[in-house]
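Data first, discussion second: the structure below is written as structure tokens.
What you see is a predicted model; the values in this text were computed from it and never measured. Every chain is numbered from 1, with letters handed out A, B, ... down the list of sequences.
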Amino acid sequence: MTNSAEIVAEPAYLGVLNNAQREAVEALDGPVLVLAGAGTGKTRVLTTRLVHLLATRKAFPSQIMAVTFTNKAAKEMQHRVAHMVGGPVEGWWLGTFHALAARLLRRHAELVGLRPNFSILDTDDQLRLIKQLLQLANIDDKKWPARLILSAIDRWKDRALTPDKLKAEDGGDLAGGRMVALYADYQARLRQLNACDFGDLLLHTITIFQDASNGVLSDCHRRFRYLLVDEYQDTNVAQYLWLRLLAQGNHNICCVGDDDQSIYGWRGAEIGNILRFEKDFPGAVIVRLEQNYRSTAHILAAASGVISHNQGRLGKTLWTAAEGGERVRVRALWDGEEEAKWIGDEIEALQRAKVSLNQVAVLVRAGFQTRAFEERFITLGLPYRVIGGPRFYERLEIRDALAYFRVVVQPADDLAFERIVNKPKRGLGDSTIAILHDAARTLGASMVETTLRLIETDELKPKIRSTLRQLMQDIARWRTGLQNTGHVEMAKIILDESGYTGMWQADKSPEATGRLENLKELTNAMAEFPTLEGFLEHVSLVMELQDSSDTDMVSLMTLHGAKGLEFENVFLPGWEEGVFPNQRAIDETGIAGLEEERRLAYVGLTRARRKAYVSHAANRQIFGSWMASSPSRFVAELPHDAIETEGEAGLDRAGSNLSAQQFNAQFNGMGRRIPAFKPVHGEPAPFATAARARPEQPYQPGARVFHQKFGYGTVTHVDNDKLEIEFDTAGMKKVMDSFVVPAQKAG
DNA sequence: TAGATACAGCCTATC
DNA sequence: GCTGTATCTA
């Protein structure tokens, strides 16, 4: 219902839009797909649409959900909307899929067997967990590395396939044919740990949504009347299902995306989601944004020429009203060093022409390629920043510190406990941890709980017992401390009293000071959050620390990292077969992989506003050995009119005598075997799941028992699962019942 | 429990 | 060719 008195004249924000943009903004009700080519004003449409929703009184902020993939994109949207309406808009659900799902899940955790304070695991935790499960199941982790197992699980989760939806043979020969059972175990273990991984955030909310009896979904329908989705081409099946459930209520879903910029197929994105939109949401309005405001006609022609070689596109033709501009320069060079030299020189030339270095980017296919440029830029004294290196919250010392906090907040978090139990070294070696681990498994209890029980017995050596008792008391004290003392102060106390800070202070290695600084930065960052729990949530869901520097520097990053960004001048080195398109991408997924590489080329070219430089070298050092290389097929796909070819004669054909097969063999080492999901017959061998039902106490006073360490003895007293035993040689001891066996069986 | 040695794996990467 | 990790040994 539009209040006509409110909108007397056409709002100014509509006037600045072109026809297509305007259509996308004004189609507020019903499903809408906005196919937004690169540089066509996608963000403007998204934010204006939101402002329009509010201005027309179609919705209050609290009735709008806006979903992005990255925190950066969410922040950007918040910022732009605030800018448009002249103040921050609050109360709308704006965030990443995972952040929004986590928010819902915290409220309804018990519906999927979790407590509201569940931990969110990252890849590192997942890998540790899988390693443990592999060991438990006696699966050779040499043959089936945890990384491989994890990626199989993640891919299943991307497709919303929970273990119950899989048949044993769906795992192929992975993990010796026991992959599905392993996956089920992994899920069981997560529940025990009161934890979930990123995939679970979505899958658990889907489970909750699908059960109508809890009323959560209908509540959401009542609440969220309008749904906005950014980068729709990157959604995976789970995200698609999640969105579809939410959209069922009001059908007001607006997805913005570009099938030509889908570059995340390898992490589960389903380009089919965007290609199928009309079918999934009947009556959908499709708006194409094709007028590009970013790049010159030559750059657009180059990008369009390359992408036109792809099949299976929705099809768009980018055009620009702008005239003139330079052709894309395509240069052949002798080797990588020369390439770096040339790019360095060109950047210096730009610098002399008073171009800001912030407007210069070098976009590479893979991280390792940045090194050659860094070296060159250092020699030249060109300031640069590498975007997307190791992240703050992934650093060892930060993860250790966070593990301490996690144990205090969520004592069922065994992964965190195991991480810190002997850091700093407390004399708790592998064997002690193994005892705790085994005992926890037989008891079906958490490690902290198990430790609390074991320290009341004589299972452990007195010294170890008192160390653990101390640690348990510390953790308990820190937990109570959090109720009275501020969490920033408490965090410092935890790191101090645990000896963790001291450990690095005593460390004389050169990186120790840096680590101490990072720890300080960590506690500083906490101040912005009301509670320790809130901070931990932030850390799990927002892995980046806000970047501060806006000094003038060349940006060095991967093509993937450049998506969504734009620069006046873009250098695209390494356009060689094998490197780009990446050979592995082609080996692993064939045509689909090649097309994704081509979309990456399209993304790269369309980042440039004024000048784009493509280069390729005739010789390249890969994994240490020199190889002749031939220009990327994408070079040949650039329309002649749009480019200007330069470089020494003959170089552009160098290396073409090397067969693709030879290249493969060298580039990929001995040819990596990719385990196929081939069906295999026969039941997977069952293996222990962590939780086991506790039988009745089988030991009574007088029973003869055998203990691995203390030998034979007679039970004198029973206290639940704790036994007092007079051992024949070791004397009176308290032990856990699970540590002894009836004497006759041991003989 | 640290230090030494062998060995594999080396593309992209969000949350 | 380099790096991280797993395993062995003093």
[X] [atom1] - [N] [atom2] separation (whole Å):
X      : N      : atom1 : atom2 : answer
A/H560 : B/dT14 : NE2   : P     : 10 Å
A/L202 : B/dT14 : CG    : P     : 16 Å
A/I622 : B/dC11 : CD1   : P     : 10 Å
A/R147 : C/dA6  : CZ    : P     : 12 Å
A/Q261 : B/dA13 : CD    : P     : 16 Å
A/R620 : B/dC10 : CZ    : C1'   : 16 Å
A/Y264 : B/dC11 : OH    : P     : 17 Å
A/E577 : B/dC11 : CD    : P     : 17 Å

Within the pair [X] and [N], is there a side-chain N or O less than 4.0 Å away from OP1 or OP2?
X      : N      : answer
A/K72  : B/dT14 : no
A/N71  : B/dC15 : yes
A/T558 : B/dC11 : no
A/R365 : B/dC11 : no
A/K142 : B/dA8  : no
A/R391 : B/dT14 : yes

Looking just at side-chain N and O atoms, do A/E76 and A/Q78 make a donor-acceptor pair shorter than 3.5 Å? no
Please check if any side-chain donor atom of A/Y602 sits under 3.5 Å from a side-chain acceptor atom of A/N310, or the reverse.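 No pair is found: no donor N or O on one side chain lies under 3.5 Å from an acceptor on the other.
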Does A/R391 qualify as a cation-pi partner of A/Y393, given the criterion of NZ or CZ under 6.0 Å from the six-membered ring centre and within 45 degrees of its axis? no
Between B/dA13 and C/dC2, how far is it from one P atom to the other, in whole Å?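 About 23 Å, rounded to a whole number of Å.
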Have a look at [X] and say if it touches a base, only the backbone sugar-phosphate, or nothing, with a 4.0 Å heavy-atom cut-off.
X      : value
A/F69  : sugar-phosphate
A/K563 : nothing
A/G561 : nothing

Opposite nucleotide pairing with B/dT14, Watson-Crick or G-U, both atom distances under 3.5 Å: none
Just name whichever nucleotide pairs with C/dT5, Watson-Crick or G-U, keeping both distances under 3.5 Å, else none. B/dA6
Picking from B/dA2, B/dC15, B/dC11, which would you name as closest to the side chain of A/K425?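 The answer is B/dA2, which lies nearest to the side chain.
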Nearest to the side chain of A/H98, heavy atoms from C-beta on, is which of B/dA2, B/dC15, B/dC11?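 For the A/H98 side chain, the nearest candidate turns out to be B/dC15.
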Stacking check A/F368 vs B/dC11 (5.5 Å / 30 deg): no
Could A/K157 and A/D200 be called an ion pair, given the rule that one side-chain N must be under 4.0 Å from one carboxylate O? yes
Heavy-atom distance under 4.5 Å between the side chains of A/F97 and A/N236, does that happen here? no
Taking side chain as C-beta onward, heavy atoms only, is A/R426 less than 4.5 Å from A/S498? yes
Closest nucleotide of DNA chain B for A/W266 versus for A/P145: which of these residues is on the 5' side? A/P145
Could you say whether A/E596 or A/N422 is positioned toward the 5' end of DNA chain B, judged by the nucleotide with the nearest heavy atom to each? A/N422
Under 3.5 Å donor-acceptor pair, A/Q369 side-chain atoms to B/dC11 base atoms: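 Counting by modelled atom types and ignoring angles, no donor-acceptor contact under 3.5 Å is found here.
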